[in-house]
Structure formats: structure tokens, C-alpha cells
Amino acid sequence: MATTRAAGAAKTAAIADELIYPKQADAISARLNLKTNILIYGEELFLIDDLAREITHKLKKSAAAHFASASARHINISDSNFDYGEFLSSEDTFSLFGAEDFCVKIIRGLEEFGASSPMMKKFCKYLDAIDKKGAEDNPTSLVILVYAVKKPVAEVIKNTKNFIAINCKKMYENDIFAYARKLAARTRKSFTDDAVSALAERSRMNLFQINSEIGRLAILNHEKAEIDIETVESQVEYFFDPDSFTAINELDYCIYKKDLNNALVTIGELIDHGVYHALIVNRLISIFRTMLSVSLLNEASETFKTGAYKIAAEFVSGAAYKKGYDRFRFSNDMLSKFEFFCNGVCNNSNIYRSGSKLDFFNGIKNQMALYAVYYLKNYSEKDLFELIKSLYQIDVKIRTGVLRIDQRPESVKEEIYKILISNFKKL
């Protein structure tokens with residue numbers, strides 16, 4: 001019975017009429033009117049903000065043709081000064097005295113509250129009331145609910161059944177390039193395709209940074225008829241985003257490929273931009289420990305050694321020529337192939353498989369596993385043991401006061417450099 005209820009709840013939590021932005025931009029634009037409330041959610045935060053601005057501008061412009069005035073009211077319910085009672089009171093006042101005006105209410109911050117929190121419950125009641133009434137019953141205002149999560153909680157979905165639901169899904173490289181061209185077009189400056197691509201790459205595919213750089217270039221080059229790749233290369237620095245996967249991935253690749261110079265530069269940038277040193281040390285240890293596991297498995301099974309390297313080589317060579325969704329799909333296919341192969345080896349070779357999260361076989365759905373197999377050729381078993389031991393010693397030196405990071409924060413960075421330089425030069 002409990003299972004049946006859970007299945008029923010899952011069905012009610014499905015979003016009935018979902019539009020994907022920017023894939024269905026034209027369909028979204030066609031659906032917008034002054035009689036429909038809107039829910040915007042998803043993983044791509046820039047898209048959420050950008051779309052909310054675009055929709056607000058379009059609806060205000062449309063309302064101006066029918067009302068004495070049109071305004072936008074921004075409400076952040078996660079603000080410490082927000083008072084729900086005052087909010088409801090202002091809603092009642094507006095409905096009584098604002099008949100000649102139109103208001104677009106942009107509500108943010110709901111994602112800061114858990115599904116069972118009092119504020120979530122209060123706001124779901126508010127959403128339920130306006131959802132049941134519909135914008136047609138309140139012709140002087142509509143709501144844009146900006147909810148920055150991958151998927152809204154069931155209560156929010158249930159109480160926004162009659163909203164237009166727009167999902168700003170995470171974008172891949174090709175999508176980001178296309179959206180960057182759209183952002184460039186807004187400046188009314190001519191950007192060449194090469195310039196937009198170079199700018200996106202230098203901005204590490206961060207849409208907030210891409211938008212900022214496009215605006216800056218348009219102002220700096222207002223006298224130019226066209227902004228080309230040479231302009232981008234001379235005026236746009238490489239953006240460093242320590243929170244991006246790209247920054248961490250670059251460190252991984254440098255270590256796998258034994259690229260000492262770039263490894264030191266990347267580690268320096270991460271630490272200088274506030275990334276805690278322990279996260280970097282643990283990342284390095286994880287890479288070397290995974291490679292050591294591969295080395296031991298190669299000794300245990302010739303079948304594993306031959307087959308795993310063959311799949312890893314296919315993955316590395318294939319991934320180098322793919323971008324965006326093609327790369328994502330290719331990686332998933334190769335990881336599935338590798339998982340199938342590893343399961344077969346374990347079942348037929350009596351290789352022990354523990355439940356530990358550090359067991360190599362429990363991480364084979366991660367690309368790190370395939371890179372570890374392929375780039376193990378750059379390391380010996382002895383070198384890996386020495387690297388792991390030396391990196392573990394950093395924590396010991398901090399706890400015993402040998403490294404005084406309270407007095408010299410850069411001492412940890414210097415210690416990581418020393419370990420990598422001394423070991424890599426022996427390789």
C-alpha cells in the first residue's frame with residue numbers, strides 16, 4: 001500500500017506543461033500574456049535570471065498598452081527583512097486600489113527553505129490561492145516565481161499546476177556558444193563567430209562572465225564596425241573560476257599527463273583564489289590512489305590489464321574530438337562499456353570487490369577511472385606510493401607545527417610544489 005501511495009505521489013509531482021529554455025524560446029514567447037502566471041526553475045542560474053528579466057520587460061511593455069502604468073515588484077522571501085504578514089497585507093491593498101495599474105511580481109528565494117519549513121508551507125498556500133484563481137481573476141497583476149533548483153519540490157509543483165513552467169536546463173558547450181551569440185547580438189555590435197567562441201572559452205563557459213565581457217568589449221570598441229578574434233585575444237584575459245569543474249579538471253589533466261609547469265600554475269591559482277589547501281591535497285591523493293589501484297589490478301589480472309587499457313585508450317582518443325552533448329553521450333557510453341567489462345572480470349577472475357568507497361570498482365562510473373587506467377603509463381608503482389605518502393605528510397606537518405599556515409599561509413602551497421617537483425623530476 002505504501003509503495004502505491006509513493007507511486008501516486010510521484011505522479012502528482014510531475015510537471016504537466018513544461019517548456020525548455022532556450023530550446024523552446026519561440027514557444028515560450030508565444031505563450032506569454034497578461035493572464036498567465038509563470039514558474040521559472042532549473043540548473044542554469046544565468047538563464048533563470050536572464051529569462052526572468054526578458055519576460056518581465058516584455059510583459060511590462062505589453063501591459064503599458066492597456067493600463068495607466070506598468071511596474072515590476074521584486075520580492076525576495078529569503079531576505080532577513082521579509083515579513084509574510086506585511087506581504088499579504090500589501091497584496092490586499094494593491095488589489096483594492098491598483099485597478100488602473102498593472103504589476104508583475106517577481107518572487108525569489110523559495111529554494112532557501114525546506115519542503116517542511118513554515119515559510120514553504122505559507123507560500124505554497126499563497127501559490128495555491130493564485131493558481132486556483134488564475135491571472136484572469138486578477139487582471140491587474142501576475143506572478144513570476146523564480147525557483148533556482150533542478151526540480152521543484154512536490155508541494156510547489158502541486159500548487160503551480162496552472163502556471164507556465166519553464167525549465168532552464170544545464171547547457172552544454174555548443175548551447176553556450178549559441179547563447180553567447182545571442183548575448184552579443186543584444187549589444188547591436190557585430191561579433192564574428194570566432195570572436196564569440198574565443199570569448200566563451202576564455203570565460204571558461206561561465207555565462208555570467210561571458211555576458212560581462214561582451215558588454216565590456218562593446219563599450220571599449222564602440223568605434224569599431226566589428227569585434228573579431230584578434231580583439232578578443234588582446235582584450236580578454238582568461239577568467240579563473242575556482243568553483244568550476246573546469247578548474248579542477250585542468251588540475252587532473254596536468255597530473256595525469258605529468259605536465260609539471262601547468263600543474264603548479266593551476267594549484268597556485270586555486271589556492272590564491274581561496275580554495276582550501278586540503279581539498280587540493282585530497283584531490284591529488286585521490287588521483288594517485290586510483291592509479292595505484294589500477295597498477296595493483298594489472299598485477300592481479302592480465303585480462304584486466306589488457307582490456308581496461310584498450311577501453312581507456314578508446315575513450316581518451318575519442319573524447320579529444322568531441323564537444324558538448326556528443327562528448328557527454330560518448331563518455332556515458334564508454335563508462336557503461338567499462339563497467340560491463342569490470343563486472344565481467346570480477347565475476348570470472350575472483351577479484352575481491354569490497355564495499356569501501358575507495359575501492360576502484362566503486363568509482364568506475366567516473367571518468368577519472370578511465371584516465372587513471374590510460375595515464376598510469378606515466379607513473380611507476382613506487383612513485384605512486386611515494387607521492388601518496390608525501391602528500392599525507394602535509395597534514396602531519398600542519399598538526400605538529402612544522403608548517404605554520406597561521407603565520408605563512410603560502411607554506412602549504414610551497415610544500416605541495418616541493419613534493420611534485422621532486423617526484424616528477426624523477427619520473
If you compare all heavy atoms of [X] against all heavy atoms of [Y], which two are closest, and at what distance to 0.1 Å?
X	Y	answer
A319	F330	N-CE2, 3.4 Å
A263	I255	CB-CD1, 4.2 Å
G268	Y417	CA-OH, 3.2 Å
M120	F113	CE-O, 3.4 Å
G401	R404	O-CD, 3.3 Å
G42	I48	O-CD1, 3.5 Å

So [Y] and [X], do their side chains get closer than 4.5 Å, heavy atoms only?
X	Y	answer
V236	L217	yes
E414	K418	no
K413	H277	no
K310	T306	no
S141	V104	no
R204	E250	yes
T36	L32	no
L39	L127	no

Inset, instruction - Specify whether F304 and F338 have parallel, tilted or perpendicular ring planes, treating 30° as the upper limit for parallel and 60° as the lower limit for perpendicular. - result: tilted
Inset, instruction - Given side chain to side chain donor-acceptor pair (under 3.5 Å), test S197 with D194 step by step and report yes or no. - result: CA-CA 5 Å; S197 296; D194 284 347; 5.5 Å; no
Is the backbone N or O of [Y] less than 3.5 Å from a side-chain atom of [X], with the two atoms forming a donor-acceptor pair by type?
X	Y	result
N221	K224	no
N37	F163	no
R108	A148	no
S62	K58	no
T231	I227	no
S212	F208	no
H222	I219	yes
N206	Q209	yes
S301	N298	no
N33	R31	yes

Rounded to the nearest 0.5 Å, what separation is found between the [atom1] atom of [X] and the [atom2] atom of [Y]?
X	Y	atom1	atom2	value
Y375	I287	OH	CD1	12.0 Å
R181	T192	CZ	OG1	10.5 Å
F177	D193	CZ	CG	11.0 Å
E111	I77	CD	CD1	8.0 Å
T160	D131	OG1	CG	6.5 Å
C168	K23	SG	NZ	14.0 Å

Inset, instruction - Give the intermediate values and the outcome of side chain to side chain contact (heavy atoms under 4.5 Å, CB included) for residues K305 and L297. - result: CA-CA 7 Å; K305 181 179 180 180; L297 285 168; over 6 Å; no
Inset, instruction - Using the ring pair (Phe, Tyr, Trp, His ring centres under 6.0 Å) rule, pick out the option among F385, Y392, Y256, Y379 that qualifies with F288. - result: Y379
Answer yes or no: are there more than 12 heavy-atom neighbours, outside [X] itself, under 6.0 Å from its atom [atom1]?
X	atom1	value
K189	NZ	yes
F82	CZ	yes
K150	NZ	no
N347	CG	yes

One thing to verify: whether [Y] and [X] come together as a salt bridge, which I'm taking to mean a side-chain N less than 4.0 angstrom from a carboxylate O.
X	Y	result
E155	K158	yes
K151	E43	no
R283	D252	yes
E415	K397	yes
D50	R186	yes
R399	D395	yes

Legend entry - Proximity of Y84 and F123 rings by center, below 6.0 Å: yes
Legend entry - Aromatic ring proximity Y126/F87, centre distance under 6.0 Å: yes
Inset, instruction - Could you give me the CA-CA distance, side-chain angles and deciding distance for D49 and R53, then say whether salt bridge (Lys or Arg N to Asp or Glu O under 4.0 Å) is met? - result: CA-CA 6 Å; D49 287 348; R53 278 193 297 270; 5.2 Å; no
Legend entry - Trace of the side chain to side chain donor-acceptor pair (under 3.5 Å) decision for E381 with S295: CA-CA 7 Å; E381 192 173 296; S295 178; 3.1 Å; yes
Inset, instruction - Take Y371 and F315 through the ring pair (Phe, Tyr, Trp, His ring centres under 6.0 Å) test and state the conclusion after the steps. - result: CA-CA 9 Å; Y371 282 118; F315 167 72; 5.3 Å; yes
Inset, instruction - Tell me, with the steps shown, if I419 and I416 meet side chain to side chain contact (heavy atoms under 4.5 Å, CB included). - result: CA-CA 5 Å; I419 292 168; I416 297 172; 5.8 Å; no
Legend entry - Cation-pi check, K257 onto Y253 ring (under 6.0 Å, within 45° of axis): yes
Legend entry - Ring-face cation contact, F341 with K337, 6.0 Å cut, 45° max: no
Inset, instruction - Begin from the C-alpha positions of D359 and N362 and carry the test side chain to side chain donor-acceptor pair (under 3.5 Å) through to its verdict. - result: CA-CA 5 Å; D359 190 312; N362 291 328; 4.8 Å; no
Inset, instruction - Walk me through it: do V156 and L110 pass the test side chain to side chain contact (heavy atoms under 4.5 Å, CB included)? - result: CA-CA 9 Å; V156 172; L110 193 59; 3.8 Å; yes
Legend entry - Check against side chain to side chain contact (heavy atoms under 4.5 Å, CB included), L145 and I38: CA-CA 6 Å; L145 176 61; I38 300 158; over 6 Å; no
Inset, instruction - Could you tell me whether the side chains of S380 and D383 share a donor-acceptor contact shorter than 3.5 Å? - result: yes
